[in-house]
Undergrad: 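Have a look at this one.
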Number of protein chains: 2
Amino acid sequence: MEEFGNENGLTQDLDSETIFIVSQTFKALGDPTRIRILNLLFKKECSVNEIADTLDIRQSTVSHQLRFLKNLRLVKYRREGTTLYYSHDDAHVMLILQQMIDHACHS
Amino acid sequence: MEEFGNENGLTQDLDSETIFIVSQTFKALGDPTRIRILNLLFKKECSVNEIADTLDIRQSTVSHQLRFLKNLRLVKYRREGTTLYYSHDDAHVMLILQQMIDHACHS
DNA sequence: TGTATATATGTTAATATATTCATATAAGGA
DNA sequence: TCCTTATATGAATATATTAACATATATACA
């Protein structure tokens, strides 16, 4: 045991609330569109239309997905006039995303 | 930049194949049943029926989900008579799972 | 107040997913 | 070979998800 260390992690039984949060968060990362959005927001803060234009996704789709990510506190925004600038809001999850990307690139 | 380092990770544009692999892998982790199975397999190698009994999930459901995880090379098995013993097969993904569990426990 | 722009929301349709039941396969032993 | 046990598979159903369209809301400004 302890192959990966233990900080109340896999070596312990999981309560249903933890399982729910973990699966919800992974589900958020389990969609190509959301990965592209988060990858963009990793590089820089963006308005909704910037995201839509850059990634060639419809504005309403971007807005729906941003709401999804916002509910999980993975992104946040600030307002400037009528424009909302979104940025990532969970460094740990972004680190996990990067690890998985590295993992995919190396295998 | 470089807040999280860079090993061809988030600071670079992603090709569609990488996005696909990453999203597929996260999708595998984005389901409560699969998280419970992987969490169990982290602790020890298990037969299909052991998994089903321990987690109170039907045998066919476990088998379907194991096939899913097997296709992504997240689990493997060895045969002993009629019994198949499954175990995890991707230490890096297991590490990522544990990180997310820790993250959920601490927030 | 009216108009333009940026974003959010409601609804719908297509597709994907998860689980269940029933059954098939595969291995071992009598 | 027949029977038992362990696992896999196919089909069906219920549910979830995604993206699109149309429209609503909100802010700024003339």
Side-chain angles (χ1 to χ4, degrees), chain A residues 16 19-41 44-89, chain B residues 16 19-41 44-89:
Chain A
S16 61
I19 292 174
F20 179 74
I21 293 173
V22 169
S23 66
Q24 280 292 111
T25 309
F26 277 129
K27 198 169 288 184
L29 301 175
D31 175 77
T33 300
R34 287 191 292 267
I35 289 178
R36 295 174 71 211
I37 291 173
L38 288 173
N39 183 59
L40 185 58
L41 294 183
K44 66 181 184 56
E45 187 185 59
C46 284
S47 72
V48 177
N49 276 333
E50 271 183 283
I51 297 171
D53 291 347
T54 305
L55 302 181
D56 195 31
I57 309 173
R58 305 203 180 256
Q59 178 270 323
S60 69
T61 298
V62 173
S63 186
H64 279 298
Q65 298 293 13
L66 286 172
R67 180 168 59 174
F68 185 106
L69 296 171
K70 182 87 172 47
N71 286 337
L72 291 171
R73 299 175 197 275
L74 300 185
V75 302
K76 64 187 175 191
Y77 65 82
R78 67 178 178 86
R79 177 180 287 279
E80 202 167 291
T82 59
T83 302
L84 303 185
Y85 289 98
Y86 278 82
S87 55
H88 61 84
D89 195 30
Chain B
S16 61
I19 291 175
F20 179 75
I21 293 172
V22 169
S23 66
Q24 280 292 110
T25 308
F26 278 129
K27 198 168 289 184
L29 301 175
D31 175 76
T33 299
R34 287 190 293 267
I35 288 178
R36 295 174 71 210
I37 291 173
L38 288 173
N39 183 58
L40 185 59
L41 294 183
K44 66 181 185 53
E45 187 185 59
C46 284
S47 73
V48 177
N49 277 333
E50 272 183 284
I51 298 171
D53 292 346
T54 305
L55 303 182
D56 195 31
I57 308 172
R58 304 200 181 259
Q59 178 270 321
S60 68
T61 299
V62 173
S63 187
H64 279 300
Q65 298 293 13
L66 285 172
R67 180 169 57 174
F68 185 106
L69 296 170
K70 183 88 174 46
N71 286 337
L72 290 171
R73 297 172 199 276
L74 300 184
V75 302
K76 64 187 176 192
Y77 66 82
R78 68 179 177 85
R79 176 180 288 279
E80 202 168 289
T82 58
T83 301
L84 303 185
Y85 290 98
Y86 278 84
S87 54
H88 61 85
D89 195 30

Undergrad: What closest approach, in Å, do Tyr86(B) and Leu41(B) show between heavy atoms, and which atom pair accounts for it?
TA: O-CD2, 3.4 Å
Undergrad: Could you state the atom-to-atom distance from CD1 of Ile51(A) to C1' of dA8(C) in whole Å?
TA: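 It works out to 14 Å between those atoms.
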Undergrad: Set out, in order, the CA-CA distance, both residues' side-chain angles and the distance that settles side chain to side chain contact (heavy atoms under 4.5 Å, CB included) for Leu29(B) and Leu29(A), then state yes or no.
TA: CA-CA 9 Å; Leu29(B) 301 175; Leu29(A) 301 175; over 6 Å; no
Undergrad: Got a donor-acceptor contact below 3.5 angstrom from the Ser63(A) side chain to the Gln59(A) backbone?
TA: no
Undergrad: Kindly list each side-chain donor-acceptor pair under 3.5 angstrom involving residues 69-85 of chain A, sequence neighbours excluded, with atom names and distances?
TA:
{"from": "Asn71(A)", "atom 1": "ND2", "to": "Arg67(A)", "atom 2": "O", "distance (Å)": "3.4"}
{"from": "Arg78(A)", "atom 1": "NE", "to": "Glu45(A)", "atom 2": "OE1", "distance (Å)": "3.4"}
{"from": "Arg78(A)", "atom 1": "NE", "to": "Glu45(A)", "atom 2": "OE2", "distance (Å)": "2.7"}
{"from": "Arg78(A)", "atom 1": "NH1", "to": "Glu80(A)", "atom 2": "OE1", "distance (Å)": "2.6"}
{"from": "Arg78(A)", "atom 1": "NH2", "to": "Glu45(A)", "atom 2": "OE1", "distance (Å)": "2.9"}
{"from": "Arg79(A)", "atom 1": "NH1", "to": "Gly81(A)", "atom 2": "O", "distance (Å)": "3.1"}

Undergrad: Identify the heavy atoms of Leu66(B) and Ile37(B) that sit nearest to each other, and give their distance.
TA: CD2-CG2, 4.0 Å
Undergrad: Between P on dA18(C) and CD1 on Ile35(B), what's the gap in Å once rounded to a whole number?
TA: 11 Å
Undergrad: Could you tell me the boundaries of the chain A footprint on DNA chain D, defined by atoms under 4.0 Å from its heavy atoms?
TA: dT17(D) to dA28(D)
Undergrad: As an exercise, state the distance from CD1 of Ile57(B) to OG1 of Thr33(B), rounded to the nearest 0.5 Å.
TA: 5.0 Å
Undergrad: Once you round to the nearest 0.5 Å, how far does CD1 of Ile35(B) lie from CD1 of Ile21(A)?
TA: 11.0 Å
Undergrad: Mind jotting down which residue pairs meet the salt bridge (Lys or Arg N to Asp or Glu O under 4.0 Å) criterion with at least one end in residues 27-39 of chain B? Sequence neighbours excluded, please.
TA: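 Every pair satisfying salt bridge (Lys or Arg N to Asp or Glu O under 4.0 Å) with a residue in residues 27-39 of chain B: there are none.
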Undergrad: Could you tell me whether a side-chain N or O of Thr54(B) sits under 3.5 Å from a main-chain N or O of Glu50(B), the two making a donor and an acceptor?
TA: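 Pair found, side chain donor or acceptor close to backbone of Glu50(B).
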Undergrad: Give, ordered by number, those residues of residues 69-86 of chain B having at least one heavy-atom distance below 4.0 Å to an atom of DNA chain C; if nothing qualifies, reply none.
TA: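 Correct list: Arg79(B), Gly81(B), Thr82(B).
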Undergrad: Please step through side chain to side chain contact (heavy atoms under 4.5 Å, CB included) for the pair Ile19(B) and Asn39(A), ending with a clear verdict.
TA: CA-CA 10 Å; Ile19(B) 291 175; Asn39(A) 183 59; over 6 Å; no
Undergrad: Would you kindly compare Asp31(B) and Val48(A) by the position of their nearest DNA chain C nucleotide and give the one closer to the 5′ end?
TA: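 Nearest nucleotide further toward 5': that of Val48(A).
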Undergrad: Within residues 55-64 of chain B, find the residues that approach DNA chain C with a heavy atom at under 4.0 Å, and present them sorted by residue number.
TA: Arg58(B), Ser60(B), Thr61(B), His64(B)
Undergrad: Measure the angle between the two terminal helix axes of the helix from dT1(C)-dA30(D) to dA30(C)-dT1(D), five base pairs each, and quote it to 10°.
TA: 10°
